[in-house]
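First comes the structure, then the notes that go with it.
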Amino acid sequence: MAGSWNSGGPATPFEGSLKARKQLADDDFEQWLYASDEAGEPAEETEQQALEAEWAEEDLKLRITTAGYIAIPAGFIGLGILSFFTTSLAAQTFFIWVVINMPLLTLAVATWRRRELRFGLKRPVKGRKARILAIILVLSSGVTFALAVAQAMMRG
């Protein structure tokens, strides 16, 4: 599968992705963030690991996209069903937040289960750090939404 000298592409199908991952980790914070929780230096990424990482990223993108498409009918159907049981503004507001943030919640649940959070081409954040970042993402979204609702209620 080697390309010609003027093809412009990598010699192997995943060599470009592997090189990009190696080039992007040069900051101190990034080194701390991507360092494993266990003692020792992380091993170099092989082509097979790069391929598995690419598959995991594609799987996560598909899950988030699916959650976004499911959120639309779930919002209409769920709000109708919720109105039969309660007229509480707090319950409806929380339900709307859940529907709006269904892709974010999907990302948080996948991160919690896999103990791995992926940020594009960079290596994944693993372990406890990934779980903490997932919780921070969800909490910041919830606080932002609550502040927006409170501000809207104050304006009347």
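As the structure is a computational prediction, the values presented were derived from the model and not from experiment.
Clustering ILVMFWY residues whenever any of their side-chain heavy atoms sit less than 4.5 angstrom apart, transitively, puts Ile96 in the very cluster that holds Met153.
Using a 4.5 Å cut-off between side-chain heavy atoms of Ile, Leu, Val, Met, Phe, Trp and Tyr, Phe95 falls into a hydrophobic cluster with Leu79, Leu82, Val99.
Atom CG of residue Leu117 and atom CZ of residue Arg131 lie 12.5 Å apart, to the nearest 0.5 angstrom. The distance from the CZ atom of Arg114 to the NZ atom of Lys126 is 12.0 Å, given to the nearest 0.5 Å. Rounded to the nearest 0.5 Å, atoms CG (Leu51) and CH2 (Trp55) are 4.0 Å apart. With values rounded to the nearest 0.5 angstrom, Ile132 atom CD1 is found 12.0 Å from Leu137 atom CG.
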Under 3.5 Å, which donor-acceptor pairs do the side chains of residues 104-113 form with other protein atoms, sequence neighbours left out?
unit_1 : atom_1 : unit_2 : atom_2 : d
Thr106 : OG1    : Met102 : O      : 2.8
Thr111 : OG1    : Leu107 : O      : 2.8

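Across all their heavy atoms, Ile70 and Pro73 have their closest contact at O-CD, 3.3 Å.
Residue Phe94 qualifies as open at atom CZ: its count of foreign heavy atoms under 6.0 Å is 12 or below.
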### Steps toward side chain to side chain contact (heavy atoms under 4.5 Å, CB included) verdict (Trp97, Thr93)
CA-CA 6 Å; Trp97 177 81; Thr93 304; 5.9 Å; no
